[in-house]
Structures are given as C-alpha cells and as structure tokens.
A.B. asks: 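Let me give you the structure first, and then I'll get to my questions.
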Amino acid sequence: MVSISLCMIVKNEEAVLGRCLSSVKGLFDEIIIVDTGSTDSTKQIAAKFTEKIYDFPWIDDFSAARNFAYEQAAMTHIMWLDADDILQPEEAAKLRRLKETLDPDVDAVMMRYHTGFDQQGRVVFSYYRERLTRRACGFRWQEPVHEYLAVSGKIINADISIT
C-alpha cells in the first residue's frame with residue numbers, strides 16, 4: 001500500500017474548505033495546507049483536519065505556492081486538491097482501493113476533473129488532470145497562473161473523478 005500526502009494551497013476558503021476536507025476524511029496519511037494570506041477562518045477550519053498548516057506569502061505565483069506545499073510532503077505519493085473540490089463517496093472508495101493496489105512503479109495518476117454541470121447537476125464537461133504523483137520523482141509545478149504539474153514516466157488514467 002502506498003502512503004499519500006494531500007497538498008493544498010488556500011486563501012479565504014472558509015465557505016468551501018470544510019466540505020472539501022470532509023469529503024476526503026480518512027483517505028490520506030497526512031494533509032498539508034499552505035495558506036497564502038487568508039483573512040477569514042480558513043486556517044481554523046483547516047486545523048480541524050490537520051496540524052500541518054504553513055504560511056506562504058503570496059507572490060502572484062500559484063506554482064511557487066504548490067511547489068512549497070509539495071516540499072512539505074513526507075509520504076511516498078502526493079495528491080493535490082483545490083478547496084472547492086470534493087470526492088463523492090463512491091469516488092473516495094475508488095481512491096481508497098487505488099491506494100491499496102497502486103503499482104509502486106507508477107509515476108503519475110491522471111483522474112477526471114468534473115468542472116461543468118447542467119441545471120440538474122449532471123456533468124457536462126470533464127477532463128483528465130495529473131492528480132497523484134510519486135514523490136521520489138520530484139515533479140514540479142510550472143507557470144504562475146493556469147499552473148500544471150509537469151509529469152513524465154509511467155502514467156496511468158484512473159477511474160476516479162474529482163468534482
């Protein structure tokens with residue numbers, strides 16, 4: 001079984017952070033929260049789920065903040081979420097199974113990202129994103145805005161969706 005650090009960057013996310021972290025409760029071996037300057041109760045909400053809360057002064061660079069978060073991770077694998085992301089219960093169960101069965105030679109796992117919904121809440125737009133990586137690979141986030149994790153090596157697509 002692999003171990004997973006969840007790494008998140010946040011700022012003024014009191015409206016959504018609790019929902020996000022509740023949806024993944026018990027899935028990760030550690031949760032790293034990097035706060036980039038919240039003035040609301042974001043850090044207090046985060047503290048209900050983890051003691052690993054770090055401050056990172058905002059320098060107009062999402063990749064710099066995400067890379068700092070990744071540098072705090074201690075587990076064999078790292079996964080990222082945004083504060084407004086959630087895992088539906090069936091998706092959390094799939095992630096739990098993946099954690100138990102993932103081939104340790106896999107460098108990156110792509111997961112579907114549901115981002116568009118119709119008025120009935122049905123998914124109308126979704127795409128794959130790099131979500132879980134092997135920490136030993138040392139992958140780095142690129143670009144200050146619309147950042148992406150530059151992955152390579154053995155990459156698989158998982159049947160797991162982030163909403």
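Sequential numbering from 1 along the given sequence is applied to the chain's residues. Since this is a predicted model, take the numbers as computed values, not measurements.
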A.B. asks: Is it true that a side-chain atom of Ser3 and a backbone atom of Asp29 form a donor plus acceptor pair closer than 3.5 Å?
C.D. replies: no

A.B. asks: Decide, yes or no, whether a salt bridge links Glu100 with Arg97 under the criterion of side-chain N to carboxylate O below 4.0 Å.
C.D. replies: no

A.B. asks: Test Thr42 against Glu13 for side-chain hydrogen bond (donor to acceptor under 3.5 Å, both in side chains), laying out the working first.
C.D. replies: CA-CA 5 Å; Thr42 294; Glu13 301 288 1; over 6 Å; no

A.B. asks: Tell me whether Arg19 is salt-bridged to Asp84, with the criterion being a basic N under 4.0 Å from an acidic carboxylate O.
C.D. replies: no

A.B. asks: Do the side chains of Ile32 and Thr50 get nearer than 4.5 Å, heavy atoms only?
C.D. replies: no

A.B. asks: For Glu14 and Ser41, work out which heavy atoms get closest and say how close.
C.D. replies: OE1-OG, 2.7 Å

A.B. asks: More than 12 non-hydrogen atoms from neighbouring residues, nucleotides or ligands closer than 6.0 Å to CZ on Phe62, yes or no?
C.D. replies: no

A.B. asks: Determine whether Ile45 and Asp40 make a side-chain contact, defined as any pair of heavy atoms from C-beta on separated by less than 4.5 Å.
C.D. replies: no

A.B. asks: From Met79 CE over to Leu87 CG, what is the distance, rounded to the nearest 0.5 angstrom?
C.D. replies: 5.5 Å

A.B. asks: Is a side-chain N or O of Asp107 found less than 3.5 angstrom from the main chain of Lys154, in a donor-acceptor match?
C.D. replies: yes

A.B. asks: Among Ile162, Leu27, Val109, which residue meets the side-chain contact (heavy atoms from CB on, under 4.5 Å) test with Leu95?
C.D. replies: Leu27

A.B. asks: For residues 88-117, pull every pair meeting ring pair (Phe, Tyr, Trp, His ring centres under 6.0 Å), keeping only residues two or more places apart or in separate chains.
C.D. replies: Tyr113-Tyr127

A.B. asks: I need the minimum non-hydrogen distance between Asp61 and Pro144, along with the two atoms involved.
C.D. replies: OD1-CA, 3.4 Å

A.B. asks: Return the CE to NE2 distance between Met1 and His77, rounded to the nearest 0.5 Å.
C.D. replies: 13.0 Å

A.B. asks: In Å and rounded to the nearest 0.5 Å, what is the OG to NZ distance from Ser161 to Lys94?
C.D. replies: 6.0 Å

A.B. asks: Between Leu132 and Ile160, is there a shared hydrophobic cluster once you connect ILVMFWY residues whose side-chain heavy atoms come closer than 4.5 Å?
C.D. replies: yes

A.B. asks: Is there a side-chain contact between Gln72 and Lys52 in this structure, where contact means two heavy atoms from C-beta onward sitting under 4.5 Å apart?
C.D. replies: no

A.B. asks: Just so I know, are the side chains of Thr115 and Arg129 near enough to count as touching, which here means a heavy-atom distance under 4.5 Å?
C.D. replies: no

A.B. asks: Clusters formed by hydrophobic residues whose side-chain heavy atoms approach within less than 4.5 Å: which one holds Val16, and what are its other members?
C.D. replies: none

A.B. asks: Between the main-chain N or O of Met75 and the side-chain N or O of Ser5, is there a donor-acceptor pair closer than 3.5 Å?
C.D. replies: yes

A.B. asks: So with a 6.0 Å cut-off around CD of Gln119, is the heavy-atom count from everything else above 12?
C.D. replies: no

A.B. asks: Specify the closest pair of heavy atoms between Met8 and Ala69, including all atoms of both residues, with the distance to one decimal.
C.D. replies: O-CB, 4.5 Å

A.B. asks: Nearest 0.5 angstrom please: Glu30 CD to Leu6 CG, how far?
C.D. replies: 9.5 Å

A.B. asks: Counting only heavy atoms not in Glu51 (residues, nucleotides, ligands), do more than 12 fall under 6.0 Å from its CD?
C.D. replies: no

A.B. asks: Is there a side-chain contact between Lys48 and Leu21 in this structure, where contact means two heavy atoms from C-beta onward sitting under 4.5 Å apart?
C.D. replies: no

A.B. asks: Of all heavy-atom pairs between Thr133 and Ala108, which one has the smallest distance, and what is that distance?
C.D. replies: CG2-CB, 4.1 Å

A.B. asks: How close do Asp82 and Asp85 get, heavy atom to heavy atom, and via which atoms?
C.D. replies: N-OD2, 2.8 Å

A.B. asks: State the OG-CE distance between Ser126 and Met111, to the nearest 0.5 angstrom.
C.D. replies: 13.0 Å

A.B. asks: Any salt bridge between Arg140 and Glu71, counting N to O under 4.0 Å?
C.D. replies: yes

A.B. asks: Through direct or indirect side-chain contacts below 4.5 angstrom among Ile, Leu, Val, Met, Phe, Trp and Tyr, which residues connect to Phe139?
C.D. replies: Tyr70, Ile78, Trp80, Met110, Tyr128, Trp141, Leu149, Val151, Ile155

A.B. asks: Spell out, as yes or no, whether a donor-acceptor pair under 3.5 Å connects the side chain of Ser23 to the backbone of Cys20.
C.D. replies: yes

A.B. asks: Would you check if the side chain of Thr36 reaches a backbone N or O of Pro57 as a donor-acceptor pair within less than 3.5 Å?
C.D. replies: no

A.B. asks: Only one of Arg135, Lys99, Arg134 passes side-chain contact (heavy atoms from CB on, under 4.5 Å) with Val2; say which it is.
C.D. replies: Lys99

A.B. asks: Measuring from atom NZ of Lys25 to atom CZ of Phe49, what distance do you get when rounded to the nearest 0.5 angstrom?
C.D. replies: 6.5 Å

